[in-house]
Amino acid sequence: MKVTKICCIGAGYVGGPTMAVIAKKNPDVKVTIVDINQARIDAWNDFDVSKLPIYEPGLAEIVQETRGRNLFFSTEIDKAIDESEMIFISVNTPTKTYGKGKGMSADLKYVELCARNIAKVAKTDKIVVEKSTLPVRTAQAIKSILSNTGSNVKFDILSNPEFLAEGTAIADLLNPDRVLIGGESEEAIESLASIYRSWVPQELILRTNVWSSELSKLTANAFLAQRISSINAISELCEKTEANVNEVAKAIGMDSRIGSKFLKSSVGFGGSCFQKDILNLVYIARSYNLQAVADYWEQVIILNDHQKRRFADHLISTLYNTVSGKKIGLLGWAFKKDTNDTRESAAIYVADYLLNEQANIAVFDPKVSNEKMLSDLNYLNTRSEEENSKLIHAAETPYEALKDAHAVAIMTEWDEFKTYDWRKIYTNMKRPAFIFDGRNLLDKSEMEKIGFEYFSIGQ
Ligand SMILES: NC(=O)c1ccc[n+]([C@@H]2O[C@H](COP(=O)([O-])OP(=O)(O)OC[C@H]3O[C@@H](n4cnc5c(N)ncnc54)[C@H](O)[C@@H]3O)[C@@H](O)[C@H]2O)c1
Ligand SMILES: O=c1ccn([C@@H]2O[C@H](COP(=O)(O)OP(=O)(O)O[C@H]3O[C@H](CO)[C@@H](O)[C@H](O)[C@H]3O)[C@@H](O)[C@H]2O)c(=O)[nH]1
């Protein structure tokens, strides 16, 4: 079937960029992104594209080109479902915060609501595409909801997980390593494949069964996160043995069987996906009574929590075992550079540990607001909102954040941090002036020449 109208439910980090690229590459297909969040849709429709709700390099240009031509943002969900032949579900699937599976399994209530909405509205046959990351066998639940409507509408369900990384979303979408489509109906699979074929070479479009596709997404994230936890485990050993983690990573990465990517030691991985998806994998393994499998993958998370904790502990012990009343400057709050997303960012947890020790924290991040930082901390529920807002604030400039600070902690690898006037920063800090570089971003010898006491990860 030739698809002419697509609807995507969920105008978030995945739905927005993914559909913008589909619209750009398929000018003859009408793409409508819908969401229940009116403010988010208004921001996507803002005339000034610098105000889009998501910051991704290259995104604003594509939205500018396609919006109003064949890309539309709306809260009229039923209308968009009704008129489309293909519906992507791209809503959030966070870790459950209540009931059975609390803290482990994915909360599928938003996905179920979408399925019920589609079932209610659809009058013509639809291809329903799972774009959200879902536990293996979720398609069965969606199918059950859709096939019990009593109508004669035929629904084909496909799994088409998204592998983009934030900060490089547009580049990843334009040049994907592969596109994965899992499904039963060959016709439905080919309808979706033809959308991607507008720019993705045929040999990179992989067809599998639905369950392999669903499980491949969780597995890909588990493998990627495992590499970071593996190199972070080695970083601690490096610090005890005078080995250098950058040198070790380079040496092993040159082995073509290992490969050089994703071996950057850090204060710990963050982001909305890795932890959530591994916890989900662990939960699924436990639900099948596969204890050894579950314990194996859980260790990736345990090590990541350890890495964040030991970074904060090292800072506190170096500052003579107390940070109480001391100003600590944090550079970066986003979970990685080139994004305004802060979900599960290591900075949130490190700040929380330091606040427990009564530090005063000033943060500078080029893309994150004071309100966002406070809401991230308040969400942890460690102390009252009043206390948080007294103890931490976002500074307008890095120089303000670091003035009179006892220490700098680098939490995000923003390129601009390297270009700052570190001599000026040093002059305005308390002595001794410490740098704790959670991203191994700065040049150790240069910083030491200026006068800093410089610590990085795994060196
Ligand atoms: N963020 C990433 O980099 C990334 C990458 C690959 C896959 N994923 C997966 O994609 C999915 C979406 O992630 P995201 O980061 O875009 O989430 P997000 O929170 O940025 O966006 C989800 C959107 O869905 C909307 N929504 C929720 N329920 C709805 C409903 N019933 N009807 C209409 N709209 C509804 C929300 O208002 C929100 O705007 C998740 O399953 C995630 O695991 C995310
Ligand atoms: O060598 C590395 C690589 C990454 N990170 C950190 O790991 C986290 C995640 O980074 P990244 O994977 O680049 O960003 P995400 O946007 O979270 O993307 C991941 O999660 C997405 C959501 O499922 C997937 O689609 C992507 O393929 C997968 O890379 C960030 O805190 C990074 O700073 C490191 O510490 N060291």
Side-chain angles (χ1 to χ4, degrees), residues 7-19 33-41 43-44 53-54 56 73-78 80-81 88-95 106-118 130-135 138 160-169 172-173 176-177 217-218 220-225 227-232 235 245 249 253 260-278 280 304 307-308 332 334-339 341-347 411-414 438-440 457:
C7 153
C8 173
I9 310 179
Y13 283 87
V14 169
T18 309
M19 293 302 129
I33 312 183
V34 291
D35 204 292
I36 39 174
N37 184 335
Q38 182 73 53
R40 212 167 206 189
I41 291 295
W44 279 113
I54 285 161
E56 278 293 337
F73 297 92
S74 165
T75 49
E76 289 187 273
I77 302 176
D78 291 2
I81 291 173
F88 286 78
I89 299 180
S90 188
V91 298
N92 37 326
T93 50
T95 304
D107 192 342
L108 300 180
K109 70 176 169 202
Y110 307 107
V111 172
E112 178 168 343
L113 280 171
C114 291
R116 289 189 184 279
N117 207 5
I118 296 168
E130 299 176 348
K131 185 50 110 178
S132 297
T133 301
L134 297 171
T138 304
N160 172 222
E162 185 47 60
F163 296 100
L164 68 80
E166 288 179 29
T168 54
D172 294 342
L173 287 163
D177 285 347
K217 175 62 196 176
L218 296 183
N221 275 354
F223 269 60
L224 289 168
R227 279 173 75 90
I228 304 170
S229 278
S230 297
I231 199 69
N232 281 344
S235 76
V245 77
S260 61
K261 291 183 182 162
F262 257 71
L263 285 179
K264 194 131 189 36
S265 190
S266 67
V267 57
F269 61 74
S272 65
C273 295
F274 282 171
Q275 172 158 313
K276 159 177 87 72
D277 292 347
I278 295 176
N280 190 9
N304 196 50
Q307 189 77 348
K308 293 181 269 189
F335 81 98
K336 63 187 280 198
K337 72 172 178 178
D338 292 338
T339 177
D341 195 348
T342 64
R343 291 178 285 182
E344 290 301 326
S345 178
M411 306 308 302
T412 312
E413 74 282 25
W414 286 101
R439 296 294 186 158
N440 294 353
I457 307 272

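First listed ligand is number 1; within each ligand, the first listed atom is number 1. What you are looking at is a predicted structure, and each value in this text was computed from that prediction instead of being measured.
Proximity of a side-chain donor or acceptor of D35 to a complementary backbone N or O of N37 within less than 3.5 Å is detected. When atom types are taken as modelled, the side chain of K336 and the backbone of G271 share no donor-acceptor pair closer than 3.5 angstrom.
The only member of I77, D78, N117 that meets side-chain contact (heavy atoms from CB on, under 4.5 Å) when paired with V34 is I77.
With a 4.0 Å heavy-atom cut-off, ligand 1 is reached by the side chain of R343 but not by its N, CA, C or O. Only side-chain heavy atoms of S272 come within less than 4.0 Å of ligand 1; its backbone N, CA, C and O stay farther off. At a 4.0 Å heavy-atom cut-off, ligand 1 touches C273 through the side chain alone. By the criterion of a heavy-atom distance under 4.0 Å, the side chain of I9, and not its backbone, is placed next to ligand 1. Neither the backbone nor the side chain of N117 has any atom closer than 4.0 Å to an atom of ligand 1 (non-hydrogen atoms only).
Atom numbering of ligand 1 starts at 1 in the shown order; those under 4.0 Å from a heavy atom of K217 are 6 (C). Numbered from 1 in the order shown, with element, the atoms of ligand 1 that lie under 4.0 Å from a heavy atom of Y13 read 1 (N), 14 (P), 15 (O), 16 (O), 20 (O). Ligand-side atoms of ligand 1 in range of S90: 12 (C), 22 (C), range being under 4.0 angstrom from any heavy atom. Those atoms of ligand 1 that come under 4.0 Å of a heavy atom in E162, given as number and element, are 6 (C), 7 (C).
Side-chain contact between S272 and F335 is absent, with no heavy atoms from C-beta onward closer than 4.5 Å. Looking at S266 and E413, their side chains never come closer than 4.5 Å, going by heavy atoms from C-beta outward. The closest side-chain heavy-atom distance from C8 to V14 is not below 4.5 Å. Looking at T18 and L173, their side chains come closer than 4.5 Å, going by heavy atoms from C-beta outward.
With hydrogens left out, the protein atom closest to atom 27 (C) of ligand 1 is N92 OD1, 3.3 Å, a heavy atom. Nearest protein heavy-atom neighbour of atom 9 (C) of ligand 1: T133 OG1, 3.4 Å. The protein non-hydrogen atom at the shortest distance from atom 40 (C) of ligand 1 is T93 OG1, 3.4 Å. With respect to atom 18 (P) of ligand 1, the closest heavy atom belonging to the protein is R40 NH1, 3.7 Å. At the shortest separation from atom 31 (N) of ligand 1 among protein heavy atoms lies C114 SG, 3.9 Å. The protein non-hydrogen atom at the shortest distance from atom 11 (C) of ligand 1 is V91 O, 3.3 Å. In terms of protein heavy-atom proximity, atom 13 (O) of ligand 1 is nearest to V14 CG2, 4.1 Å.
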Run the side-chain contact (heavy atoms from CB on, under 4.5 Å) test on D341 and Y13 for me, step by step, so that the C-alpha distance in whole Å, both residues' side-chain angles and the decisive distance to 0.1 Å come before the verdict.
CA-CA 9 Å; D341 195 348; Y13 283 87; 3.7 Å; yes
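A pairwise comparison of heavy atoms in I41 and S74 identifies CD1-O, 3.5 Å as the closest pair. Closest approach of D172 to A165, counting heavy atoms only: OD2-N, 2.9 Å. Nearest approach of W44 to I54, heavy atoms of both residues: CZ2-CD1, 3.6 Å.
Summarising the contacts of atom 3 (O) of ligand 1 with K276, K109, Q38, E166, the nearest heavy atom is found in E166. Of the listed residues (I36, D172, V111, I89), the one carrying the non-hydrogen atom nearest atom 30 (C) of ligand 1 is I36. Of the listed residues (N221, I54, D35), the one carrying the non-hydrogen atom nearest atom 25 (C) of ligand 1 is D35.
A salt bridge links K131 with E162: the closest approach of a Lys/Arg side-chain nitrogen to an acidic carboxylate oxygen falls below 4.0 angstrom.
Remark: K276 engages no residue in a salt bridge (charged side-chain N to carboxylate O under 4.0 Å, His left out) (not counting sequence neighbours). Contacts of K217 classified as side-chain hydrogen bond (donor to acceptor under 3.5 Å, both in side chains), with partners at least two apart in sequence or in another chain: none. Residues meeting the salt bridge (charged side-chain N to carboxylate O under 4.0 Å, His left out) test with E56, sequence neighbours left out: none.
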Distances only, to 0.1 Å: what are the N or O pairs between ligand 2 and the protein that fall under 3.5 Å?
from, atom 1, to, atom 2, distance (Å)
ligand 2, 1 (O), L263, N, 3.4
ligand 2, 1 (O), K264, N, 2.8
ligand 2, 13 (O), K336, NZ, 2.8
ligand 2, 14 (O), K336, NZ, 3.3
ligand 2, 16 (O), E166, N, 2.7
ligand 2, 23 (O), K217, NZ, 2.9
ligand 2, 23 (O), N221, ND2, 2.8
ligand 2, 25 (O), E162, O, 3.3
ligand 2, 25 (O), F163, O, 3.3
ligand 2, 25 (O), L164, O, 2.7
ligand 2, 25 (O), K217, NZ, 2.9
ligand 2, 27 (O), F163, O, 2.7
ligand 2, 31 (O), G270, N, 2.9
ligand 2, 31 (O), F335, O, 2.8
ligand 2, 33 (O), R439, NH1, 2.7
ligand 2, 33 (O), R439, NH2, 3.4
ligand 2, 35 (O), S266, OG, 2.6
ligand 2, 36 (N), K264, O, 2.8

